[in-house]
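All heavy atoms count here, side chains included; hydrogens, waters and symmetry mates do not. Chain identifiers are assigned alphabetically (A, B, ...) following the order of the sequence lines, protein sequences preceding nucleic acid strands; residue numbering begins at 1 within each chain.
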Amino acid sequence: MMEIQSMKELIEACEREKKSISEMMLMVEAKKSGRDEDTIIRMMEERLIKMKEAVDSGIKDASTAPSGISGGDAVKMSEYVRQGKSLSGDYISNAMSFSLATSENNARMGVIVATPTAGAAGILPGVLFSLHKNDGTPYKELVKGLFTASMLGLVIANRSFISGAAGGCQAEVGSATAMAAGTIVELKGGTPQQVVNATAIAMKSLLGLVCDPVGGLVEVPCIKRNVIGTSIAFSAADMSLAGVESRIPCDEVIEAMYKVGKDMPRTLRETALGGLAMTETGKEVKERLFCRKS
Amino acid sequence: MEFQSCFDIIGPIMVGPSSSHTAGVVSIGKFIYELLGDYPQETNIVFYDSFAETYQGHGTDKALLGGLLGMNTDDSQIKYALEKAKECGMQYQFEFENICEYMDHPNTTIVTAKRDDHVVTVGGVSLGGGLSKIFMIDDEMVSIRLSAGDDFSILAKPYQRKEKVLVKAI
Ligand code: SF4
């Protein structure tokens, strides 16, 4: 049975088998699960469709979340972009709108797809549907992109962590952004080496990011971190496609992320006992939301 | 290697807001539902560490009760699980602790659930991304991986007690 445990092994396996990372994922999945490739692709398509539905419903829903601390920003953002005012260019500004839509939907307890977590669910759909909108990348390719993303995510998750409670936001938004960066590169024709390189660059940019959700809700700062994640993903992808290399190899970046996460105090790992959660406003929100109940 | 499949990373399809504090917990509850063969009439739930601090914001309580009622991670009714549990006459109680002596992970819960004369105590940990693990059933340490797409009734089968009499009261 083929086990891919590091980015280095992943690149070697792709080169040996002359496969892209998404093809490699599909092959490994088929072997491990015993499902045939068509079934696996269909299951992944189902997830892409759910992501699209979350974007579509979120982009026109201006309602606030039950907490009252999020909602309505996707509508604002997409209106601003529609008026041609955005400074970030079409790829990034559309991705920002789509990720806002998804993450706001998540906060409303709507249906989303965890990529790899719900807290970071806005980033991958943000970049994928922006690619589709801006250069017509077909849905079939986006499904392939989801296989690329999951291969990258599997390596990260097994060598480090992907949840804020275990490793801080660097593990959650950081991992999702890294996966998205690599995915963009593969969809734009980059080599497995370039994919992994973009993954490393994106992850480095978010290293050390703490998990400090206000009131313990996946809303503030989570939603906007998803939005910013999409722009980091595009920047990292651009750098890698331009031939810029990460000086620290991806596996070592992942290891650094793991060690930083292990050193992070409990207060900065999703307990809502530090960071923004403990600012004056953060504390007020928590009190307003929960003290009446407990 | 806890994460095995591409669907452990892309997925589950779930109601928000948190894969570890909502979706993964639905799965733990659902496993217990399958273990008992139905929803429990009484249950005592202990949330540790991060679960204890942030369960309200993430709907972790609703997620666990939803799972105990037999719901899946993408069930839009999870929002209303507290009301549904009351409707079913389920008696539930939550306790909060800092550290679990059996499991070193911030997202841990131990659930005691009773259906007729069948009582189980189950330890579950949510690993992130919607993936969970059952690490304890009664006094036995186990390792059962729960991924949202799996059929938990098959996973629970070897641990179901058929005609055993009540061992401990809740
Ligand atoms: S701050 Fe914490 S809860 Fe929010 S997205 Fe980051 S890891 Fe998730």
Side-chain angles (χ1 to χ4, degrees), chain A residues 3 5 25-26 28-29 32-33 40 43-44 46-47 50 65 67 105-119 121 124 146-147 149-154 157-158 161-166 171-172 179 213 215-219 222 266 269-273 286 289-290 293-294, chain B residues 1-24 48-63 66 73-81 94 96 98-99 104-108 125-131 147-150:
Chain A
E3 291 279 11
Q5 308 203 17
M25 180 76 247
L26 190 56
V28 171
E29 183 73 21
K32 274 198 187 177
S33 68
I40 298 168
M43 288 170 72
M44 200 56 103
E46 191 195 342
R47 281 156 181 77
K50 294 285 173 189
S67 67
N105 219 25
N106 181 53
R108 293 186 195 102
M109 283 187 101
V111 176
I112 53 96
V113 182
T115 57
T117 61
L124 208 49
L146 290 177
F147 286 108
S150 39
M151 185 78 249
L152 300 170
L154 274 178
N158 284 319
F161 14 54
I162 52 167
S163 80
E172 209 170 300
M179 286 156 53
L217 301 158
V218 194
E219 293 175 55
C222 318
R266 184 174 160 265
R269 285 186 285 111
E270 206 157 354
T271 50
L273 297 172
K286 186 170 183 183
L289 288 172
F290 302 130
K293 281 195 212 160
S294 47
Chain B
M1 303 252 295
E2 303 275 11
F3 296 83
Q4 296 280 340
S5 158
C6 53
F7 303 115
D8 292 340
I9 302 295
I10 304 301
I13 300 168
M14 53 168 281
V15 295
S18 166
S19 43
S20 54
H21 291 61
T22 318
Y48 295 92
D49 201 347
S50 175
F51 275 0
E53 299 290 347
T54 68
Y55 75 99
Q56 287 167 308
H58 289 130
T60 312
D61 47 352
K62 297 172 191 168
T73 52
D74 61 351
D75 194 321
S76 55
Q77 297 300 302
I78 289 170
K79 274 189 218 179
Y80 312 112
F94 289 95
F96 308 99
N98 262 340
I99 298 187
D104 174 25
H105 194 287
N107 297 338
T108 303
V125 54
S126 180
L127 298 167
L131 189 67
S147 168
D150 296 345

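- A:Val113 is listed as a side-chain neighbour of B:Ile10, based on a closest heavy-atom distance under 4.5 Å.
- Side-chain atoms of B:Cys6 and A:Met44, non-hydrogen and from C-beta on, do get closer than 4.5 Å to each other.
- Ion pairing of A:Arg266 with B:Glu53 is present here, as a side-chain N (NZ or NE/NH1/NH2) and a carboxylate O approach within less than 4.0 Å.
- Taken to the nearest 0.5 Å, the OG atom of B:Ser5 stands 3.5 Å off from the CD atom of A:Glu29.
- Side-chain contact between A:Glu219 and B:Pro17: absent, with no pair of heavy atoms (C-beta onward) separated by less than 4.5 Å.
- Between atom OG of residue B:Ser18 and atom CD of residue A:Glu270 there is a gap of 5.5 Å, rounded to the nearest 0.5 Å.
- With rounding to the nearest 0.5 angstrom, the CD1 atom of B:Ile9 is 7.5 Å from the CG atom of A:Asn158.
- Only the side chain of A:Leu273 comes within contact range of chain B, with at least one heavy atom under 4.5 Å from a heavy atom of that chain.
- With B:His58 contributing its side chain and A:Gly216 its backbone, the two residues share a donor-acceptor pair below 3.5 Å.
- Interface remark: A:Phe161 contributes no atoms to any contact with chain B (heavy atom separation under 4.5 Å).
- With a threshold of 4.5 angstrom between heavy atoms, B:Leu127 approaches chain A through N, CA, C or O but not through any side-chain atom.
- Distance check, rounded to the nearest 0.5 Å: OG of A:Ser67 to CD of B:Gln56 gives 13.0 Å.
- Atom CG of B:Asp8 sits about 8.5 Å away from atom CD1 of A:Ile162, to the nearest 0.5 Å.
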